[in-house]
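All heavy atoms count here, side chains included; hydrogens, waters and symmetry mates do not. Residue numbers begin at 1 in each chain, while the letters A, B, ... track the order of the sequences.
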Amino acid sequence: MESLTFRHLTGRVCSTQGWDHLLSSVRGAYQQEARDATRNDPNRAFLIYIYNINMAALENCRKETGSVHMWFSDIAAKIRGAEPQIINDSKTPSGRVHVGALRGVIIHDAVFRVLKSRGVPARFLFGVDDYDPLDEIPAGDAEREHFEKYLGAPLCNVPPPPGSAASDMAEHYIREFFDVFAELGVQAEPYRMRDLYRSGKFDEVIDAILRRADVVRRVYLEVSGSKRSETWYPFQAICEKCGRLGTTEVTAYDGKEVEYVCRPDLVQWARGCGHRGKVSPFDGRGKLPWKLEWVAKWRTFPVTIEGAGKDHNTRGGARDVSSACLREIFGLSPPVNIPYEFFLVGGAKMSSSRGIGAMAREMADFLPPEVLRFLILRTQPNRPLNVTLDEEFIVKLFNDFDRAHHRAFHDPKAIEDEKLVYRLSEVKSENDYYAENFHIVIMLVQMPHMDLVAEVEKRKGAPLSPAERRHLDRRVQAARYWLDRYAAEEEKMRLLSTLPARAASLTPAQRGFLRVLADALPKAEWSDTALQKAIFDAARLTPIDQPPAFQSIYRTLLDRESGPKAGSFLAFLDREFVIARFKEVPFDQIEFWRDTGVSPEAFEGWLSKEKSKIQTIRAASHQTQDGGVIEFTVTLDDGKTYMKRVSAEKADPRVILQQCNIDIPIEYA
RNA sequence: GAGCCCGUAGCUCAGUCGGUAGAGCAGCGGCCUUUUAAGCCGUGUGUCGAGGGUUCGAUUCCCUCCGGGCUCACCA
C-alpha cells in the first residue's frame, strides 16, 4: 500500500478544474487496493483503520471542492463533446394550460441554459400540437355549444371562443401560455404542427411510417400490449366531408394515398360522418397519431433531448412505444429522456373544473418569475411537486429563495451547483439586490396607512435602487394576489369586530397586562412611537415578558400569534375601541397575582443587581384570603419603572431592603 | 394486471459512484429589555421503513416484505 497515489494527487489536483473524474479513478483503484490488502494481510484491523482515515480524507476533499450535482448538471454531463443539441418540448392547446405544464418547460429551459453556458451549441424548440383533434370541451369556457360541433376536428381549424381576437382555438389558448414563457425568461423557438404537416416537412417520415405499418402494429403489441387489426394504419386523415380527423380510420396505403372511413362510433367523444374516401396523406391532409408524431419530430429535427411527464414514462407507455418505433423504423436512438413527476397545486379551495387557480397564467401572476422558476428547479424532476398555497408554504418558499440568493452572492462555502440553482432561477442575470422578506411584505401590504417603500428603505438602511424597487413592487403584487385569492381568513390580519374565542386561552398574566395597558391608554399620546413605548412600560408594570405581552395584543385584536408592529397598529385604531376590547377580556385579580408573583429571594436577587440604579421604591400591600401580596414599584435611573409582586406572607419590605443593603426610603401607598 | 416514485431529526426535505448523516423551521438553553415588521448567540446520538444478501465496512448496491403517493393498460 504504497499508497497513496491519491495523497499527492488530491493535494495537487483539488484546486484544478475537472479533477472529479481523476479523483474517482484514484478512488476506485484505492478501494481495490484496500480490498486485496485486507484479504492477504494478517493485520487487517490496522489496515482497515488506515484505509478509513484515507477514505475520509478523500471524501472531505471531494466535499470541499464541491462535487454535489444538481439534477440539471447530471443531465448536462450525459451530453459528451460539443455536438449540437436540440431540445424539444410541446403542448396541446386544447384549453387553458395548467401549471403542471410549466414544469417541463422550466426543466428543458434549465438544461438548455446549462448546455449553452458550457459552450455546447443548443436549440430549444417548443411545439404547438395544434393538429390534434379537439377531444374535450375546454374547462372554464361557458361556450359549450360553440365547441361541441367541432369535436374531432384539428384544433387549428376550430374557431376561437367568442370574443377572442385569436385566429383559431389553438392560437387562443397557446398565446396565454407563451405570454408566461416570456415572463419567465424562457426563450424557446416556437413551431406549430400545422405548419410542419402543411409544408410537407413530415411527408418523408409519414411515408416511411405508413410503409412500415406492420412494424408499428408489432411494436404496439409487444411494447404496450395493445392489439391492432391487420388493416390498421398509424394515420388519421382529415375527413374531406366533415373536417374531422379524430374519427377517421385508415385501412390501406398504396404509397400514394390512404383509404379511410370517418366512423361514427370510433371514439366516444366525437361522431364521424360515415364518409369513405381516398386521399393523399401528405401536405397536411391528415396527421400521425401522437406517439408516431413524436417519432417524426425526433427523426426530422432531429431531437436529442426531450423529457416527458410521468404519464408517458410508464413501462409500455407512450415513451416506450415511440422509442421502439424510432429504433425499428429508422434505426435511431431516442433522445435523452428527463422523466419528471407532476406539479400540483393543492391546499387552497379551488375549482379546477371551473379552471380557476391552478392555471399557469394564475401562478405566473402570483409568484415572481424567479421564485416560480426556483420552486421548480430546486426540486428533482422525479419528485412530485405539490404546492400548497397557505401562508407557511409560501413564506417558506420566498425565504428559501432569499437564502439561495444570499448564499450565491455572499457565502464563500456555497458550491457551484448551489449557485447555479439560483442563477438558473433568474429571468436574466442580475447583480445582488436587497429583497424584502415576503412575510414582512404581506404585513405591510395590510397596513394601508403605512408608507411601504419608506418602511422597507428603513429596514434596508438605505434607499432602494431601481432594480430593488422593481423587485419590491413585484413582491407587493404577490402579497396582494395571495391575500385576495388564497389566504385563509385567519391568515389575514383582519381586525375582528368581536373578541375572538381563543382569547379564552390567555394566561392570567396576559389578562393583567391588557388591563394595565388599557388603564394607561386614556392618557397616552396616540402615536406609533408613544404607543410602542406604552406597551413596553405596561409590560414592565405588569410584569410580564415581552413575547406573551405582544401575543395578547395580537390575539385580542387579530386572533393571531404575531402581527404588525404593535405601536403602529394601535395608532391606526380608535382609542376607545382598543381600550374597550382589552377590558373585555375577563380578569381575575387573585389568579393574576398568583401568576405574576415572584419569591422574596428572586426579588432580592433582582434588587441587588439593580441596586446602583434605583431611584425610588414604592410598596403597596394587598390582603387576600390566603395571605396577600406586596407590590414593589421600582424606578431605575433610566426612567423605567418595574413592578415586582411578592407574597406578603413571606416578605417584609424593610427586611428585604436591609438584606440588600439598600437605604432608599420606601414610599407606602 | 403491469410499472414508477417516496419512506432520513418533532415538521419540510438534502445527501450517499459504499467509508455509518445535514440544512431550514420548530424546540431547548443563554443574552437582550424600544425583538413582535417573526432580535442575538449556542444547541442536532436520529434502530437513515423492516428483514435478509454482497462487503473489511451498507443509510447508500441486490432481493423480499410493510407503509404512503402516483401512472399506464382507449387517447393525448
(Q) For Thr92(A) and Ser94(A), which I'm curious about, is there any donor-acceptor pair between the side chains at under 3.5 Å? (A) no

When rounded to the nearest 0.5 Å, the distance separating CG of Asp89(A) from NZ of Lys297(A) is 8.5 Å

Between CG of Asn386(A) and C1' of U71(B) the distance, given in whole Å, is 16 Å

Of G24(B), C74(B), A38(B), the nucleotide closest to the side chain of Ile440(A) is A38(B)

Here the distance between atom C1' of G39(B) and atom CZ of Phe536(A), to the nearest Å, is 11 Å

Rounding to 0.5 Å, atoms CZ (Arg217(A)) and NZ (Lys227(A)) come to a distance of 15.0 Å

Secondary structure of RNA chain B per the Watson-Crick/G-U criterion (both distances under 3.5 Å; [ ] crossing, | other strand, . unpaired) is (((((((..((((.....[..)))).(((((.......))))).....(((((..]....))))))))))))....

From the candidates A76(B), U35(B), A38(B), the one with an atom nearest any side-chain atom of Thr92(A) is A76(B)

Cation-pi geometry met for Arg378(A) and Trp71(A) (6.0 Å, 45°)
no

Same-atom distance (P) from C28(B) to G22(B), integer angstrom | 24 Å

Requested in this report: Evaluate the side-chain contact (heavy atoms from CB on, under 4.5 Å) criterion for residues Ile544(A) and Thr596(A): first the C-alpha distance (whole Å), next the side-chain angles of each, then the deciding distance (0.1 Å), finally the verdict.
Outcome: CA-CA 7 Å; Ile544(A) 186 172; Thr596(A) 58; 5.9 Å; no

Rounding to the closest angstrom, what is the interatomic distance between G7(B) and U47(B) at atom C1'?
15 Å

Distance, P atom - from G49(B) to A21(B), rounded to whole angstrom:
14 Å

*For atom P, what is the distance between C13(B) and U54(B), given to the nearest Å?*
35 Å

Atom CD of Gln551(A) and atom P of U35(B) are separated, to the nearest Å, by 16 Å

Here the distance between atom P of A23(B) and atom CZ of Arg378(A), to the nearest Å, is 18 Å

Once you apply a heavy-atom cut-off of 4.0 Å, does Ser568(A) come out as touching a base, just sugar-phosphate, or nothing? base

Identify each atom pair where a protein N or O and an N or O of nucleotides 1-5 of chain B are less than 3.5 Å apart, giving names and distance.
residue	atom	partner	partner atom	Å
C5(B)	O2'	Asn382(A)	O	3.3

Against the side chain of Ser226(A), the closest entry in C74(B), A76(B), U33(B) is C74(B)

| query | Backbone N or O of Pro548(A) within a donor-acceptor pair of the Gln510(A) side chain at under 3.5 Å? | reply | yes

Check for me whether the distance between the ring centres of Phe536(A) and Phe550(A) falls short of 6.0 Å. yes

Between Ile174(A) and Asp130(A), does a side-chain contact (heavy atoms from CB on, under 4.5 Å) hold up when you go through it step by step? CA-CA 9 Å; Ile174(A) 207 68; Asp130(A) 55 6; over 6 Å; no

Write down the distance separating the C1' atoms in G39(B) and U33(B), rounded off to the nearest Å. 11 Å

Whole-Å distance, Gln268(A) CD to C74(B) P, equals 12 Å

How about Glu391(A) and His439(A): does a side-chain donor come under 3.5 Å of a side-chain acceptor?
yes

inquiry  = Base, sugar-phosphate or nothing for Phe393(A)? Non-hydrogen atoms, less than 4.0 Å.
reply    = nothing

Between A9(B) and G69(B), how far is it from one C1' atom to the other, in whole Å? 23 Å

Work out how far the C1' atom of C74(B) is from that of A14(B), and round it to whole angstrom. 41 Å

Regarding the side chain of Gln380(A), the nearest nucleotide among A76(B), A14(B), U33(B) is A14(B)

| field | P spacing across the pair G10(B) / C48(B), given as an integer number of angstrom | value | 12 Å

- request: For residues Phe401(A) and Tyr422(A), establish whether the separation of their ring centroids is below 6.0 Å.
  value: yes

From CG of Leu397(A) across to C1' of U12(B) the rounded distance in Å is 13 Å

In whole angstroms, the gap separating C1' of U33(B) from CG of Leu541(A) amounts to 14 Å

Quick one: label Val395(A) by what it contacts on the DNA or RNA (base, sugar-phosphate, nothing), any heavy atom closer than 4.0 Å. base

Any side-chain N or O of Gln532(A) under 4.0 Å from OP1/OP2 of U35(B)? no

Between Leu288(A) and Gly225(A), whichever has its closest RNA chain B nucleotide further toward 5' is Gly225(A)

> Is Pro289(A) touching bases, backbone alone, or none of the nucleic acid, heavy atoms closer than 4.0 Å?
Replying inline: sugar-phosphate

Q. Base, sugar-phosphate, or nothing for Asn399(A), non-hydrogen atoms under 4.0 angstrom?
A. base

Note: Phe374(A) and Ser425(A) closest approach over all heavy atoms is CA-OG, 3.2 Å

Whole-Å distance, Asp130(A) CG to A76(B) P, equals 15 Å

